[in-house]
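Letters go in sequence order (proteins before strands), and every chain restarts at 1. All values reported here derive from a predicted model rather than from experimental measurement.
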There are 6 protein chains.
Amino acid sequence: MTRFDGRNADVLRPVTITSEYLLHPEGSVLIQVGHTKVICTATLEEKVPGFLRGQGKGWITAEYSMLPRATAQRTPRESSRGKVNGRTMEIQRLIGRALRAVVDLEALGERTVWIDCDVIQADGGTRTASITGAFVAMTQAIAKVAEEKKPFRKFPVTDFLAATSVGIVEEQGAILDLNYVEDVDAAVDMNIVMTGRGQFVELQGTGEEATFSREELNELLALGETGIQQLIEYQKAALGELATMVGGN
Amino acid sequence: MTRFDGRNADVLRPVTITSEYLLHPEGSVLIQVGHTKVICTATLEEKVPGFLRGQGKGWITAEYSMLPRATAQRTPRESSRGKVNGRTMEIQRLIGRALRAVVDLEALGERTVWIDCDVIQADGGTRTASITGAFVAMTQAIAKVAEEKKPFRKFPVTDFLAATSVGIVEEQGAILDLNYVEDVDAAVDMNIVMTGRGQFVELQGTGEEATFSREELNELLALGETGIQQLIEYQKAALGELATMVGGN
Amino acid sequence: MTRFDGRNADVLRPVTITSEYLLHPEGSVLIQVGHTKVICTATLEEKVPGFLRGQGKGWITAEYSMLPRATAQRTPRESSRGKVNGRTMEIQRLIGRALRAVVDLEALGERTVWIDCDVIQADGGTRTASITGAFVAMTQAIAKVAEEKKPFRKFPVTDFLAATSVGIVEEQGAILDLNYVEDVDAAVDMNIVMTGRGQFVELQGTGEEATFSREELNELLALGETGIQQLIEYQKAALGELATMVGGN
Amino acid sequence: MTRFDGRNADVLRPVTITSEYLLHPEGSVLIQVGHTKVICTATLEEKVPGFLRGQGKGWITAEYSMLPRATAQRTPRESSRGKVNGRTMEIQRLIGRALRAVVDLEALGERTVWIDCDVIQADGGTRTASITGAFVAMTQAIAKVAEEKKPFRKFPVTDFLAATSVGIVEEQGAILDLNYVEDVDAAVDMNIVMTGRGQFVELQGTGEEATFSREELNELLALGETGIQQLIEYQKAALGELATMVGGN
Amino acid sequence: MTRFDGRNADVLRPVTITSEYLLHPEGSVLIQVGHTKVICTATLEEKVPGFLRGQGKGWITAEYSMLPRATAQRTPRESSRGKVNGRTMEIQRLIGRALRAVVDLEALGERTVWIDCDVIQADGGTRTASITGAFVAMTQAIAKVAEEKKPFRKFPVTDFLAATSVGIVEEQGAILDLNYVEDVDAAVDMNIVMTGRGQFVELQGTGEEATFSREELNELLALGETGIQQLIEYQKAALGELATMVGGN
Amino acid sequence: MTRFDGRNADVLRPVTITSEYLLHPEGSVLIQVGHTKVICTATLEEKVPGFLRGQGKGWITAEYSMLPRATAQRTPRESSRGKVNGRTMEIQRLIGRALRAVVDLEALGERTVWIDCDVIQADGGTRTASITGAFVAMTQAIAKVAEEKKPFRKFPVTDFLAATSVGIVEEQGAILDLNYVEDVDAAVDMNIVMTGRGQFVELQGTGEEATFSREELNELLALGETGIQQLIEYQKAALGELATMVGGN
């Protein structure tokens, strides 16, 4: 059964990654996945958080936010409410953790890469689009270190990394890259983060007042893998020559 | 290779669930999994949050906290710091979501079950012990409604639900029910929430500056399933006669 | 003496106003003034704040924020710091007040227009660009009311409104539309908000550890007036046909 | 007239002090006074707050909290509400101040003892039970310093210290150790903290929309003294051999 | 031995109570006790807090603050730090509780008296001066109800109420009404709140790293009683004719 | 047309500046402008904020607050609400910026002057009265440095500085020094800060749902200038001999 936007179950929405989107940051992209649009920037700081100081290792940390009218209804700003909500915290922890899995923190040296993902327009899949876009911005920023300071003995980014969502919707079964309407309908929702070599980094599957079987899990994982390998092709195109440095030494 | 506390890879730590641990709550247990000890209480409130009002459905929500000296080093109280941190928020959202997967919210009617999980002593696996214990406290509290108000046409708890952690540690491979030392060492860490009928409710696998393959995933899922079925036996014992009401009608 | 970017003292930076920039809001533009880029959205809400309830009048309110890497150095998010700083509060109060001066709040009826100005890239003049862009977004949103609900007896937007900055820099004297570098150098900094009919709405002149004479004030006001009349032409182009409704009846 | 739980006016509720209740803290007890149960822990930190640095003196500080379902109705967590309320602040200031009166801070040296009192179940008298229990936990923790670091020239704990409540209830007059129901009924409520040598440390008497005479005060003080000397016997039993070090040199 | 400001042990500092000190509040005084100066205002509100609604009873609540330079060193504002500290909370709870002991809340009816005590200059004894001054402001405000709305069947203020501090300083023994220097030196510090009929309302005695005997307690209570009866004479003078309504019916 | 308090359009309310109003601060005044009363204090601190450290320059910063019953209705304390509102932030930023315009920060050396303006009673014009009063307190405090530490080579206060409000009220046209009732009625409201030499420091004109022409602006500026020169005479009288140091070298 075709989806309401005409896609088959295993088809991604159209993806665009605009490189060097902003003037100031060391790395920046605008990633669009269907109607979802996220500005991802990467900032280099020549120091690390307290718990890492003096260990010769770097760090990657991320923040995530939505503009109030990224959504159909206006969402009050977290700065006005004076605190960051649980969903935001979960997402920013996820983005940082995922990126750290493909960075050799020793090779990075005592520096922090700050990732900022700001959702300009939301239509489902904002956290996975953030990871996919942030990988590109991060790689650009790390490449700047080599350029402006001194070359790395080993380029710290060890593999590509992208993310997508998969889910189970009653009438259609397992589908890839859910938009907002499909996400609301889904009984099971899973975010998958994988590397270019096909290894898992994160797997977060959730039954929404529902459960799922081992067979359904397998089907979801297969769909996710397909999608992620395509997203990595878009990343390679956006990175251009820099793409050859990833995972090299 | 045996683990440092003498367990084999597929063995749970000793589990004790003390029922009716406290005087005031409608449901309460002290769950001990190895050295990890959590007080789980369930409170019934005869109303629902605003977004559910008037729909004839109930709600389950959870809060989680640690005593400052549950841990080896003293952890400052979140009340002193004036905000709940990201890890706490993730855990309390997880507990609530997991329990809602085995409760028929229409059958529950317009009431809220508040779950409180307070970790008295931590040695790894506090969030999974919280879910396992909270299920028992919640079932007791819901049974009180039938007793004190009026019988449900259908008992709202539709299946058993328990949780455990599995992970991959370099020297030992995949292991079940990690204690704190193992958790720190683990390259991959996964929390699994399953029902009595063997369906998944939550699957959260994370590489900690590492990744995992499809084969490793399969191995972890198998270990988790074994552990969870044993935990459900402990829950049945703790619930006594009430256990027969779960999933019945 | 020419300015470092080649402009004469009385010349604006290049201005672009992209209409209907986002999918969800009732009104939205991306305004670019030189390198400064601001997303302005307008949201309609069919109710008013408590202090206005039952008086048959509407309200306009505004929020302003910057993405962390809108600036050359990363600025910590206000949501992470848990509070909105003084500069932000000043700016959002200014935007709301300025727009209210050209809206007949009785004609608007009991509705609120929420303005959100999010600076994507900053190079001086973000608050004045926000006002100029917000006017367009607000007018679009108010026109939607007529379209979707019922026509106004009188269109509530009574005049055009735009804003620019002027200042005194030691070597160049009075100049129009300062970019970031000029703003830092300026001894006197003034924001002017004016209507299409040439009336003042706001005048905020500040000596930065400096003072200014009556003659200097006159020179600044003349420059500001020139700039604002040009900005209003850009607004008219962006609004297209809607422009004819402004100030009509 | 006998009290509703059968006690005479001058009789304490049953008291149990379980020593070394938790695995991690340097000192820990579970104190039960009737249905009131408090976990008291003591943590040693080898530094002092800023205002004491470099003076060769130590410090004792305390925090107090209740589990949400320690009470008959669920009390929202202070961490969720984002701030500690006035009652909690009063109690934690009282506990710290009381303990400092029996510790020779010079002899303690530049270290801080952090006391945490967490009420697991509340039935009146939680602050006085906290002081009585915290004294035991603190003494254990200070003894650890001697054991693990180096012996004190003089053991810093100079005397025993315990606390109880007394009050005036309309039908029964002055009574010792009020439970929750009696506390609610009391016209006058007084907390007394005394040392093993019978000196006062704190005296906090409050008329609740009522007042009390000099004669009533004398009667209350006599009851309190009786109760406290018994509580100190329970402390000695819980401390075992350590009890002989208190007040010695 | 005479005190450093020449007073004998049992002598109050000079007291002035300036009535109707401010234009807007229903009751207001400036109370000066030596160099300590506090503005006390009383505000009438024709409703009660939620927990009292519909019971036909009124309420008295108090807030207390210090100007930043009331003290020798500048104290940061609590509004800047974003929270009220423990000492402030203790004091405002004390002021409210003390005043409620001499008000017949049923006679007051469903209204709240808000007391604000703002310390303009501090030299010890700010909380007791606040209580003494607030009693006068509160009585004026309650009298306004009778005047402007309708007479009370029974005037709600049932007795006079004043407060002072007493303490034990090493070289001088027990002394009355400590100024700041004496307060810092004191080994024992006690605040006493008493009524015109000589009944206790609050007794808060604290050993500061010290203890006190029963004999010392008796001596302190005698000094306090002397001081409070004099303070009540100052209140009567400040209240003028209104003084005759207190405790009458 | 005469104003409701009998003043002509160009007449200030009665002004009193009481010098050395408080015991502790280095500079302090009580300024009264009609019924508006503000306590202004100046505190010297021998260090500067982080962003100025090591540059040999000083800093002036200001805080502003109102007592709850400075106003006709009680205003909740900002400390109770846990944050400072936008209006307060605008005012405190304005006061600091205005004072810095007449202080040679290099001559001041690495010290900070903290200004605190606390409104005891409000009847319009509290921010301009604060600036006028704060100038006197600041000058006194800076003079103390010369006295107690060592003379300045050049006295850092380079000119007098005062502020007033002007506005346009429908029936009366442009008027000077608006009280609260006039402020509420005003269509245009302008705060002017000027120096003794007649230079502008701040000009903040705002149409309240209204606009103003160039001619009206000129009229307002003329009124403001008149008022400010009179206010500076009051400052000179309050400063006495110190007045001769201002602007000297």
Side-chain angles (χ1 to χ4, degrees), chain C residues 57-60 63-64 82-94 96-106 158-159 161 187-218 220-222 224-225, chain F residues 57 59-60 62-64 82-94 96-106 158-159 161 187-218 220-222 224-225:
Chain C
K57 288 181 60 174
W59 191 242
I60 320 277
E63 292 192 355
Y64 165 98
K83 60 178 179 180
V84 171
N85 70 26
R87 177 184 172 275
T88 296
M89 284 206 184
E90 262 184 48
I91 294 175
Q92 48 202 24
R93 283 158 57 90
L94 168 64
R97 205 165 57 221
L99 294 171
R100 289 194 297 271
V102 291
V103 174
D104 179 332
L105 298 172
E106 271 85 8
T158 60
D159 201 349
L161 179 97
V188 178
D189 181 26
M190 180 171 283
N191 293 302
I192 303 177
V193 187
M194 287 185 92
T195 66
R197 299 192 182 90
Q199 292 280 101
F200 292 106
V201 169
E202 282 275 340
L203 207 58
Q204 296 195 338
T206 298
E208 302 284 351
E209 301 171 23
T211 62
F212 55 104
S213 68
R214 185 65 184 273
E215 292 67 41
E216 287 168 324
L217 172 61
N218 289 341
L220 291 169
L221 296 176
E225 191 162 359
Chain F
K57 289 180 59 173
W59 191 243
I60 320 279
E63 291 192 354
Y64 165 97
K83 59 179 179 180
V84 170
N85 70 26
R87 177 183 172 276
T88 296
M89 284 206 183
E90 263 184 48
I91 294 175
Q92 46 200 26
R93 283 158 57 89
L94 168 64
R97 204 164 58 223
L99 293 171
R100 290 195 297 272
V102 291
V103 174
D104 180 334
L105 298 172
E106 273 84 7
T158 60
D159 201 351
L161 179 97
V188 178
D189 180 26
M190 181 172 282
N191 293 301
I192 303 177
V193 187
M194 288 184 90
T195 66
R197 297 191 185 91
Q199 292 280 103
F200 293 106
V201 170
E202 284 275 340
L203 207 60
Q204 296 194 339
T206 297
E208 303 284 352
E209 301 171 23
T211 63
F212 54 104
S213 68
R214 185 63 184 273
E215 292 67 42
E216 288 169 325
L217 171 61
N218 289 342
L220 291 170
L221 296 175
E225 193 163 356

Where does F:Arg87 contact chain C at under 4.5 Å (heavy atoms): side chain, backbone, both or neither?
both
Give, as side chain, backbone, both or neither, the part of C:Leu217 having an atom under 4.5 angstrom from any heavy atom of chain F.
side chain
Output the distance between atom OG1 (F:Thr206) and atom CG (C:Leu94), rounded to the nearest 0.5 Å.
8.0 Å
What part of C:Thr195 gets within 4.5 angstrom of chain F, counting heavy atoms only: side chain, backbone, both, or neither?
side chain
Between C:Ala101, C:Ser213, C:Gly207, which residue shows the highest count of heavy-atom pairs closer than 4.5 Å to chain F?
C:Ser213
Would you say C:Asp159 and C:Gln199 make side-chain contact, with heavy atoms under 4.5 Å?
no
What is the minimum heavy-atom distance between C:Leu220 and C:Ile192, and which atoms define it?
O-CD1, 3.9 Å
Looking at every non-hydrogen atom in both residues, tell me the closest pair between F:Ala187 and F:Ala210 and how far apart they are.
O-CB, 3.6 Å
Rounded distance [0.5 Å steps], CZ in F:Arg214 versus CG in C:Leu221:
4.5 Å
Side chain, backbone, both or neither: which part of C:Asp104 has a heavy atom under 4.5 Å from chain F?
neither
Under 4.5 Å heavy-atom distance to chain F, tell me which part of C:Leu105 shows up: side chain, backbone, both or neither.
side chain
Hey, which of F:Gln92, F:Arg93, F:Met194 has the most heavy atom pairs under 4.5 Å with chain C?
F:Arg93
Tell me, out of F:Met190, F:Glu202, F:Arg97, F:Gln204, who's got the most heavy-atom pairs with chain C below 4.5 Å.
F:Glu202
Among C:Met89, C:Arg197, C:Arg100, C:Glu90, single out the residue with the greatest number of heavy-atom pairs under 4.5 Å to chain F.
C:Glu90
For F:Asn218, which atoms come within 4.5 Å of any heavy atom of chain C: side chain, backbone, both, or neither?
both
Within the distance-only criterion (no hydrogens, no angle test), does the side chain of C:Thr158 pair as donor or acceptor with the backbone N or O of C:Val102 below 3.5 angstrom?
yes
If you define the side chain from C-beta out and look only at heavy atoms, does anything of C:Glu216 sit under 4.5 Å from C:Val188?
no
